[in-house]
Amino acid sequence: MTSPLIAKVAVPVPLYGLFDYLVPPELIDGIKKGCRVKVPFGRKQIVGMVMSLGSESEFALAKLKSIIENLDDSSQKGPALSEDVLKLLEWAATYYQHPLGEVIFSALPKYMRQGELAELKAEKTWRLSESGEQADAGMLKRSAKQAALLTYLQQSPLAEHSAAQINEDWENWRAAIKALVDKQLLIMEEKPLNALISARHSAAEIQLNSQQAIAADAVIASLGEYKTFLLQGITGSGKTEVYLSIIEKALAQNTQVLVLVPEISLTPQLTQRFVARLDVEIASLHSGLNDTQRHSAWVKASQGIARVVIGTRSALFTPLPQLGLIIIDEEHDASFKQQEGFRYHARDLALVRAKNKNIPVLLGSATPSFESLENVSRGQYELIKLTQRGARNAKPPKVSLLDVCKRPMEDGISDRLLDKVAEHINKQGQVLLFLNRRGYAPLLMCHECGWTTACTRCDANMTLHHHNQMLRCHHCGYEKPAPKVCPECQHESLYIPGAGTERIENALREKFPDVVISRIDRDTTRRKGELDKKLKEAREGKAQILIGTQMLAKGHDFPNLTLVGILDVDQGLFSADFRGTEHMAQLVVQVSGRAGRGEKPGEVILQTHHPEHPLLHTLLETGYSGFAEHALKERREAFFPPFSYMAILRCESTHKDQGKEFLKECRQAFNYKEVDAFGPLPAPMERRAGRYRWQLIVMAKERKLLHGALRDWMPRVIKLKSASKVRWSIDVDPQDMF
Ligand code: ADP
Ligand code: ZN
Ligand code: ZN
């Protein structure tokens, strides 16, 4: 008698290890690694994934349960996840010390996780009929909305529109669209379009300048082999043009291309630029999609129908049978690192995927991460530079420091900067004021007794929001009305130190009542589509003064922008995090890069209380590369990454000492040569949302040493009795220390 077939199955639960199930005889033929299976788990039935098949189990056969159903019978469709994606995920689970089941299932879109078939789902789409193409919108006199929609569709670069795409630009459009269908100007079809777009007219080919051509040729010559390129190009140097030209070549070789971008820069504008240039189906995968769209985009990519995938972080795990090139734009961006659950870095994993597949990776940025620059020095990456702006003879902006010590400074903006704003506006320029702090003011304070608006659940102050007179904690979301008198001493001497974007906006509205001002931060862009709408208005020059946070730092092209003011550059100079200065420099350079992209020259002003600070001078005098070289030297001396390798074991608990005690036990179990442990230390914000937070930092000079230690240590940590009583997580290669 042959021994029964046993499947090791990954299930989406926060438990390490796989689960053994018997494969019933009738399922043996169709089952393979990567197939989703329905299995009994506890009292429920859940969807798991087969990770291996064999004849051994450490449990008695009689105790094993059987697989109920194979959801991806390989005689029909084949496994849900391809061999290379599975390999990547298995590697990542080990590297980041995260339960494999959760890792595997985080790579699947929702309907796949729920066990639905890997098939396309139909959705309503609209396209112009022949008469619609030619119709003159003027004839729809009686309905302005219908006329406007018709013009919009005629001018759109897209051949077909889904509801989601129309939603990006219109509100309450359904009745008008239906009327256009009734008039036979539009054709409505139900088909699997979703998130996938095809072009109607293609954009004119752009002639690459010589630097761009050299960059593109280097990568093109490496198609078909594993190699990592770092494209360091100043803002506006045409990195996107270089990507497009390489992608065209990769597509001509019949491969698929994966492009990862930070969430915030994945605007319709960017996708449309790709759509207009590339004559293939493009899938875009981002958080704005509904589950149906995501499912179809994923299925099209994994069946090789979509040839280019543009997506955020998690799109890295999309199966792409003919993947031939990975591009990561804004590779320095912190959003490539997932900060919760499975804490992976999409850029780092992209390299692993590329190596397994033997294909090139192109990392692009105006301000590369220090890790990547160090990898260039070590000969791991090839550096390609673009030093000139691509188009319109645009010149780099003039950057200067503005000492605001002892200067009149109402509401966070100095009189000198206000004069500059007026000057640029009078010359019909556009102004961007950058401050990485939303709300009206970071706190409220009593002049009399020193009372401040501390959050009762966090070690932090609550931010004042002026428009609704509320105090809100940006760390736990707790909200309460702002008091009129001091709750401690009852004096009416509350004052408002510091400024956030809301305060800047109010101040400028008073100073410039006739100018259109647009504030772009998380508070003003909560509604879906609002950010894209505001960005569009900014691009078109409708808003003359833009006030923004982080959101405005990246990848947006405002052709008319002539003045950028960074209101509080000091924020980054005195950060508790060893990456603080790196982020400060990236921000200054990225925000500055917004100025003077068009015909008019740009000017950048940095408000500071520390005009003599050597870091600011290094940045201004030697530029980003010089700054990075200098700062990397300091990192090397302090043994911080990339000159060491780090992991943080974090713990939080409602009881004050429980987390600390747990980490103490973890530390006792940590005993490895040449790997150091520090802590338990309180987190920089010790209490957050009512929980006490502690951390244990482990570091080694070599990656191998750190990972050897983690592999031995983590199973011991998991087995500790106290481990089940607190919330804890391990963060390998942490991007921030909080
Ligand atoms: P980056 O991605 O580096 O910020 P982009 O690719 O967006 O730069 O280019 C900035 C602008 O310059 C775009 O409008 C682009 O079309 C234009 N551009 C770039 N390279 C060229 C070129 N060789 N010829 C004409 N226009 C170019
Ligand atoms: Zn008081
Ligand atoms: Zn709070």
Side-chain angles (χ1 to χ4, degrees), residues 203-216 231-247 259 261-262 265 267 269-270 272-274 276-277 327-331 362-368 384-396 442-463 471-480 483-495 539 553-559 561 589-590 592-599 685-691 693:
E205 184 82 18
I206 276 186
Q207 195 67 35
L208 294 185
N209 68 32
S210 63
Q211 271 191 334
Q212 292 169 337
I214 291 169
L231 179 64
Q232 180 176 10
I234 59 167
T235 326
S237 57
K239 292 185 291 299
T240 314
E241 292 301 333
V242 172
Y243 302 157
L244 285 165
S245 137
I246 300 167
I247 292 171
V259 183
V261 299
S265 48
T267 57
Q269 196 201 6
L270 179 78
Q272 291 192 6
R273 203 165 152 193
F274 274 68
R277 274 287 291 280
I327 294 175
I328 304 198
D329 191 29
E330 311 282 0
E331 67 88 32
L362 174 59
L363 310 175
S365 175
T367 53
I384 317 172
K385 282 196 170 189
L386 299 179
T387 54
Q388 306 148 9
R389 289 202 165 182
R392 302 171 248 153
N393 300 322
K395 282 204 187 65
L443 75 167
L444 200 57
M445 197 170 190
C446 174
H447 234 322
E448 222 42 59
C449 74
W451 171 87
T452 60
T453 53
C455 175
T456 48
R457 311 169 63 205
C458 306
D459 291 330
N461 278 309
M462 297 176 77
T463 304
L471 291 169
R472 189 187 310 145
C473 175
H474 287 180
H475 303 285
C476 71
Y478 179 61
E479 237 185 6
K480 64 180 181 192
K484 301 259 183 305
V485 297
C486 172
E488 283 294 319
C489 70
Q490 317 304 327
H491 273 90
E492 282 186 37
S493 37
L494 294 179
Y495 77 105
R539 266 197 312 278
K554 303 166 190 168
H556 306 299
D557 190 1
F558 305 127
L561 191 69
V589 175
Q590 294 278 348
S592 305
R594 306 287 131 232
R597 295 194 74 174
E599 307 287 334
M685 187 188 296
E686 190 177 342
R687 205 167 47 105
R688 181 169 174 167
R691 293 175 165 274
R693 306 153 77 231

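This structure is a prediction, so every number in the text was calculated from the model and none was measured. Residues take their numbers from the sequence shown, with the count starting at 1. Whatever order the structure lists them in is the order used to number ligands and atoms, beginning at 1.
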M462 and its side-chain contact (heavy atoms from CB on, under 4.5 Å) partner, picked from E479, H475, K480, R472: K480
Numbered atoms and elements of ligand 1 in range of S237, under 4.0 angstrom, heavy atoms: 3 (O), 8 (O)
Which atoms of the protein, restricted to N, O or S, are nearer than 2.8 Å to the Zn ion (ligand 3)? C455 SG, C458 SG, C473 SG, C476 SG
Whether H491 has an N, O or S atom under 2.8 Å from the Zn ion (ligand 2): no
Of all the heavy atoms in G233, does at least one lie under 4.0 Å from an atom in ligand 1? no
Quick one: look at I206 and ligand 1, take heavy-atom pairs under 4.0 Å, and tell me if it's side chain, backbone, both or neither. side chain
Please confirm whether the backbone N or O of T387 pairs with a side-chain atom of Q211, one donor and one acceptor, at under 3.5 Å? yes
The atoms of ligand 1 lying under 4.0 Å from a heavy atom of N209, numbered in the order shown, are 23 (N)
Please compare E241, Q388, K239 and report which has the shortest non-hydrogen distance to atom 1 (P) of ligand 1. K239
What distance separates R457 CZ from C476 SG, expressed to the nearest 0.5 Å? 4.5 Å
A student checking ligand 1 against G238 at a 4.0 Å heavy-atom cut-off should list atoms 1 (P), 3 (O), 5 (P), 6 (O), 8 (O), 9 (O), 19 (C)
Partner of N461 under side-chain contact (heavy atoms from CB on, under 4.5 Å), picked from L444, L471, L443, is L443
Using the Zn ion (ligand 2) as the apex, give the angle to atoms SG (C486) and SG (C489), rounded to 10 degrees. 110°
Winner among Q207, R273, Q212 once heavy atoms are compared against atom 6 (O) of ligand 1: R273
Inspect the contact between E241 and R277 and indicate whether a charged nitrogen and a carboxylate oxygen are less than 4.0 angstrom apart. yes
Point-to-point distance, once rounded to the nearest 0.5 Å, from CD1 of I328 to CG of L231: 13.0 Å
